[in-house]
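Here is how names work: the chains are called A, B, and so on, in the same order as the sequence lines, proteins then strands, and each is numbered from 1.
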There are 2 protein chains.
Amino acid sequence: MRIVVARCQVDYAGRLTAHLPMATRVLMLKSDGSVLVHSDGGSYKPLNWMSPPCTVKEGLSEDGQTEWLVEAKSGDSLRILIEEVVADSRHDLGVDPGLQKDGVEKHLQELLAEHPATLSEGLVLVRREFPTAIGPVDLMCRDAGGRSVAVEIKRRGEIDGVEQLTRYLELLNRDPALTRRGAVTGIFAAQEIKPQARVLATDRGIACAVVDYDALRGMDDPSQRLF
Amino acid sequence: MRIVVARCQVDYAGRLTAHLPMATRVLMLKSDGSVLVHSDGGSYKPLNWMSPPCTVKEGLSEDGQTEWLVEAKSGDSLRILIEEVVADSRHDLGVDPGLQKDGVEKHLQELLAEHPATLSEGLVLVRREFPTAIGPVDLMCRDAGGRSVAVEIKRRGEIDGVEQLTRYLELLNRDPALTRRGAVTGIFAAQEIKPQARVLATDRGIACAVVDYDALRGMDDPSQRLF
DNA sequence: GCCTGCATATCGTGG
DNA sequence: CCACGATGTGCAGGC
């Protein structure tokens, strides 16, 4: 890892073109060749960058200034013209052991698979990741009357999720084995459901269920409950 | 901007929980309080981070090691336990003049609005950002027969874009003023159209148009380019 | 290797 | 301030 603080100008050409006027920025060069151009603000996203794999060539511009040319195989290129170097250091970081996550959609699905009745009384799990021609349904369940219920789970429920569940229901309702006790219905489950998504779901006869992740986790392991 | 290279362990708690075991990483502290934890690989995305606005408090852990506690108003927190500092520097970057982009969807829409006939022969523009109850249609046009044609423009055409255009068409076809000369049809225009999106569009009677951005820009006045 | 779907997405724009 | 659409999205998992 090489970190350079420098007054520089950056030009990107690839899927779009982009330009950064001359200013002082932080340039991070990772050992896989990738380059990040950061300003002192914004968020984690750099102003400009080149994703690996790519190569960096250091050279001289027409007027004798240092110039880095970063190129990817796709043809994308990043040209960094350096007017003044403020700092330049290298560090050996080694390989990172990587990030461990907890609380993403997969965990929500696991918990709801164990407690389907929290979505609707009497609901029983048939199987997780129920296969269809256009992809797996998160949970396939059966209600007290034996009718099939497809559940789509999202961390945040937006309009796309409702569209996805609608496509599944359209397909599932062509299957005689599933519709024997009546049409397959849908439940859209999420920790948070956006108003527009709720309107669309309701309009299509899809039920909405707001899920409390912490409460579910509490049912799973009572020792984690506060009271 | 403060840049620290250190052997550290990181724990995030917020919308999810995440953990990074002890290893050497680069910590970038921006002047707005935001913190980035980078490894020597991956891409532009840090392993872990905290978005502004947030506050950083430097303290001591139970066993006397340096500990940073980064907190956002939302309750999200990042705890960085530092075992060994390899480097620590500060730099005044000033305010960045910002990024200028060219070639995003907005520009594609402008160019197609000027040259609608490249989508389909005889097509004439009625208006850009044609309003509907569920959002504006990118281009509303009329074909040689006077029939209304709704155009949805994407840089990359995927299934979501087809769904979006389908919703517009459903609504537009309820408007007697638009359907006087026949049903409103749709064109899905993009620089690249994914196979599944094309299949879905075709199935719904929506035409697909692959757009050549460079050719369109060539038809346009070159002096109007940003740079 | 391509394709699909999730994400602590981030970011701008328009109400 | 909230909500929605675009993004050089990145990234992991499946086929």
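Distance CZ (R128(A)) to P (dG13(D)): 14 Å, rounded to an integer number of Å. Between H107(A) atom NE2 and dC6(C) atom P the separation is 15 Å, expressed in whole Å. One atom, CD of E129(A), and another, C1' of dT4(C), lie 12 Å apart when rounded to the nearest Å. The interatomic distance linking D96(B) (CG) with dC11(C) (P) rounds to 13 Å, in whole Å. Whole-Å rounding puts the K30(A) NZ to dG10(D) C1' distance at 12 Å. Across the protein-nucleic acid pair, L36(B) atom CG and dG10(D) atom C1' stand 15 Å apart, rounded to whole Å. Atom CH2 of W49(A) and atom P of dC11(D) are 11 Å apart (whole Å).
Q9(A) and D11(A) share a side-chain donor-acceptor pair at under 3.5 Å.
Under a 4.0 Å N-O distance rule, the pair R217(B)/E110(B) does not qualify as a salt bridge. Classification of R128(B) and E114(B) as a salt-bridged pair fails, no side-chain N sitting under 4.0 Å from a carboxylate O.
Legend: residues meeting side-chain contact (heavy atoms from CB on, under 4.5 Å) with A72(A), ordered by chain and number and at least two apart, are M50(A), C54(A), S74(A), D76(A).
Mapped onto DNA chain C by nearest heavy atom, P136(A) and S43(A) fall at different nucleotides, with P136(A) at the one closer to the 5' end. Residue order along DNA chain D, read from the 5' end via each residue's closest nucleotide, puts D76(A) first among G42(B) and D76(A).
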Could you run down nucleotides 2-7 of chain D 5' to 3' and tag each one B, S or - for protein heavy-atom contact under 4.0 Å?
-> --S-SS
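At a threshold of 4.0 angstrom between heavy atoms, the contacts of M50(A) include nucleobase atoms, whether or not backbone atoms are also involved. In this structure, Y12(B) reaches the bases: a heavy-atom distance under 4.0 Å links it to at least one base atom across the strands shown. At the heavy-atom level, S51(A) lies under 4.0 Å from base atoms of the strands shown.
Side chain of T166(B) to backbone of V162(B): a donor-acceptor contact under 3.5 angstrom is found.
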Report all side-chain donor-acceptor pairs from residues 22-30 of chain A shorter than 3.5 Å, counting only partners two or more places apart or in another chain.
unit_1	atom_1	unit_2	atom_2	d
R25(A)	NE	D96(B)	OD2	2.5
R25(A)	NH1	C8(A)	O	2.9
R25(A)	NH1	P21(A)	O	3.0
R25(A)	NH2	P21(A)	O	2.8
R25(A)	NH2	D96(B)	OD1	3.2
R25(A)	NH2	D96(B)	OD2	3.3
K30(A)	NZ	H38(B)	ND1	3.1
K30(A)	NZ	S39(B)	O	3.1
K30(A)	NZ	G41(B)	O	2.8
K30(A)	NZ	S43(B)	O	3.2

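The closest side-chain heavy-atom distance from V35(B) to I80(B) is below 4.5 Å.
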